Chemist: 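Could you have a look at this structure, given as structure tokens, before my questions?
Order of appearance sets the numbers: ligands from 1, and atoms from 1 within every ligand. Just so you know, these numbers come straight off a predicted model, no measurement behind them.
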Amino acid sequence: MRIKLNVTGIVQGVGFRPFIYRIAVHNKLTGFVRNRGDAGVEVLLEGEESNIRKFTQDLTSKKPPLSQIENLNKTELSGKNKYKNFTIYQSSQETEISGSIIPPDIAICNQCLKELRDPKNPRYEYFFITCTDCGPRFTIIERLPYDRENTTMREFPICGFCQKEYVDPINRRFHAQTVACPTCGPKAYLTTNKGEPIESKDPVRLAGKLLSEGKILAVKGYGGFHLAASTILEEPLFRLRKTKHRTEKPFAIMAKDLNSAKTFAEMSFKEQELLTSSARPIVLLNKNPRYNLSYLVAPHLHNIGVMLPYTGLHYMLFDQVPDSSFVMTSANPANQPIVKDNKAALEILSETVDYFLFHNRKIAYRCDDSVMRLNNDRPVFLRRSRGYAPVPIRLKRKSTRFVVGLGGELNNTSCLLFDDKAFISQHIGDVENIETRNFLQEATTHLQRLTNCHPDFVACDLHPKFNTTHLAEEMAEAEDLDLIRVQHHHAHAAALMAEHGLDEVVAVTCDGYGYGSDGRAWGGEILHCTLESADFTRIGHLEPQPLLGGDLASRYPLRIAAGMLQKAGLNIKKWLLQNSEHLPHGEAEAKLILEQLKSGKSSIETTSCGRVLDAVAAILGVCHERTYEGEPAIKLESTALSGTDVLQLKPRIHGTVLDTSNMLEAIYSSLGRVSTSNLAYSAHSYLAKGLAALAIKGANRKSIKNVGFSGGAACNQIFIQLMRETVEAAGLQFFVHESVPAGDGGVSFGQAVVASFSDF
Ligand SMILES: [Zn+2]
Ligand SMILES: [Zn+2]
Ligand SMILES: [Zn+2]
């Protein structure tokens, strides 16, 4: 019998062909296996029918841990048997849209880690030890199929020793494209911040010692450079904050191992599982009572972003130092993508760091670390990138269109959607300048190349001036694509529907800003959406509040608070003057604000939930300057976590609008009488219950059973919990994101969903 199998899914770069070889030989079959140019695998088998049956059983039951079989296409061939044995062939260039994809980067596996530590192993202490079960993939692949010459490993011709393993079918490195050793593989080296080489037989461990002594290093990893420093010494942290202009933004850290992380952070079993998973994301963990790291690591927050080492190099940094952890924050200049090339690193980072720990393998595509937190053991993505991209999100429904979504502006990603798969790109960042725009374009083109998908539709935001909107317009023009504009909060709601396979939802979508369909600033919206409709109904929102001073207002929350409190009918003169030290121009600015308020000159209004949280943060003195995205809201949540709902305010709803003035007034008038954390919690409770009540009202009126919560605020633990309780108590089902970012990293996906499934 002769058959041909086409296997699709994640089948390249995960040891799939060697596996096929082994089970074919084991079942006495002849023929061949080869990678296809579309990331799929083709197998030809000759032999007894019963053996072929056993082979297909083994194929699904024994497949390599990192592989995913999406589809198995079997055709019987005519003609006589031709093959005497089973061979792994050169890859074919044949391509079709198979929906296959190469895997994400995978953390070092336990076997490689053991070999790294074994003095008798030829790869003892080799910092880039990998095998078919681990190592970089997404960040080194330039084109398909996944063969060494199509990756940045091309520049390291394989040595005799590695070659022997590469061709040995029973070896773990049989056809491992990243196989390398100290003789033939990439080399690590240390330089000064001017790029002058520092002689060392052991540059990685020397780098670890320098970190421990208080030096700042740029460390090149898989997807880009990290800025690394001690987590205990104040001097380097202070210096790093100063040169990076990051006064308050928390730094992610890398802990030596789980036990080291436990000395300063609390973690549940699920959190430990996530930390040690092959994706190795940064996980937000609560600081424990014994927290002993510098306050400069994550100032004024109850939690800290922790990841574990994911390459041999990371492990070795800790070998000869007593440190439990190092700061490992993405090396990206303000508003720029993460630095990935050695030359660029020297140009951009030499003022910031004391030393560079380089290696000489190129990074084909940059990829930031992923950031997650767990909420009641359920995952919440703050950033979905390394370890996850480009694995597709599987949809319950198939699309016949080929769509690309380019996202919004902040925390952006792009997304390709076809059939029942959505491929979300790695984290791109804030697309506010040419560099991030170029990165978005490159990443999107690369994703198209990897999936073999050429879109017919391009989806973007409704905002006429976003860079992503301009890019979509240019693509539509140049490639003759249909352009679909999707309202920001509609995209959030659509993302939620598609993730959970819902046809209809009443979605609470809360964030900082989204361009409304009336051109106004939205951000606390309740929308009714169906998957079929390109339109939506806005069935509720937060009270429009003034945004005093436009952009300045979102930087200095005191302005927002002043505008909102004045609107609530309070006399704030004394309070504002008392707090004027928190405004950049002090008393003079406070007086100007008061005059502006008195004149009643109309300022811009917003229904943003984020801005209400900003106001509460300023009134409570929790945050007076937003130095990073979402800072006042993040700090307010941190403060609220130790509080309770002492004010017990009943949501005041006028028609479809949730009043926020009365809540702000209540907070303001309780200052000094009630603790800050209790007031912070009471504000959360008011908003969560009020928004849920509006959503329940809308859902009941339309007889809809599904209520969801999306947008950046849907990462907030207190909001999720209180909203869930309220919605479920009303007998409705409650949905939040688990596999797609709730914030703007999920907008490209939502846009693609609208363009894929709705009638327009
Ligand atoms: Zn391995
Ligand atoms: Zn070698
Ligand atoms: Zn948003």
Chemist: For Tyr189 together with His359, are the ring centres under 6.0 Å from each other?
Modeler: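 Between His359 and Tyr189, the centre distance exceeds or equals 6.0 Å.
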Chemist: So, of the N/O/S atoms that Asp511 has, which is the nearest one to the Zn ion (ligand 3)?
Modeler: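 Restricting Asp511 to its N, O and S atoms, the minimum distance to the Zn ion (ligand 3) goes to OD2.
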Chemist: Return yes when at least one N/O/S atom of His489 is nearer than 2.8 Å to the Zn ion (ligand 3), and no when none is.
Modeler: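 No.
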Chemist: Rounded to the nearest 0.5 Å, how far does CZ of Arg611 lie from OG1 of Thr660?
Modeler: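 The OG1 atom of Thr660 sits 13.0 Å away from the CZ atom of Arg611.
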Chemist: Report the angle formed at the Zn ion (ligand 2) by atom SG of Cys181 and atom SG of Cys162, rounding to the nearest 10°.
Modeler: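 If I round to 10°, I get 100°.
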Chemist: To the nearest 0.5 angstrom, please state how far the CG atom of Asp614 sits from the CE atom of Met564.
Modeler: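 Output value for this atom pair is 7.5 Å.
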Chemist: Indicate, with yes or no, if the rings of Phe138 and Tyr388 have centres closer together than 6.0 Å.
Modeler: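 So the answer is no for these two rings.
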Chemist: At the Zn ion (ligand 1), what angle lies between atom SG of Cys134 and atom SG of Cys112, rounded to 10 degrees?
Modeler: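 Taking the Zn ion (ligand 1) as the apex, the two atoms subtend 100°.
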Chemist: Apply the side chain to side chain donor-acceptor pair (under 3.5 Å) test between Gln487 and each candidate in His489, His490, Arg485; give the one that qualifies.
Modeler: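 Of His489, His490, Arg485, side chain to side chain donor-acceptor pair (under 3.5 Å) with Gln487 is met by His489 alone.
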Chemist: Taking the Zn ion (ligand 2) as the vertex, measure the angle between atom SG in Cys184 and atom SG in Cys159; round to 10°.
Modeler: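 It comes to 110°.
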Chemist: What's the atom name of the N, O or S in His488 nearest to the Zn ion (ligand 3)?
Modeler: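 In His488, the heteroatom (N, O or S) nearest the Zn ion (ligand 3) is NE2.
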Chemist: From the options Thr152, Thr151, Thr130, Thr132, select the one residue that forms a side chain to side chain donor-acceptor pair (under 3.5 Å) with Thr178.
Modeler: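 Running side chain to side chain donor-acceptor pair (under 3.5 Å) over Thr152, Thr151, Thr130, Thr132 with Thr178 returns exactly one hit, Thr130.
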Chemist: If I consider every N, O or S atom in Asp744, which one ends up closest to the Zn ion (ligand 3)? I only need its name.
Modeler: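 Answer by atom name: OD1.
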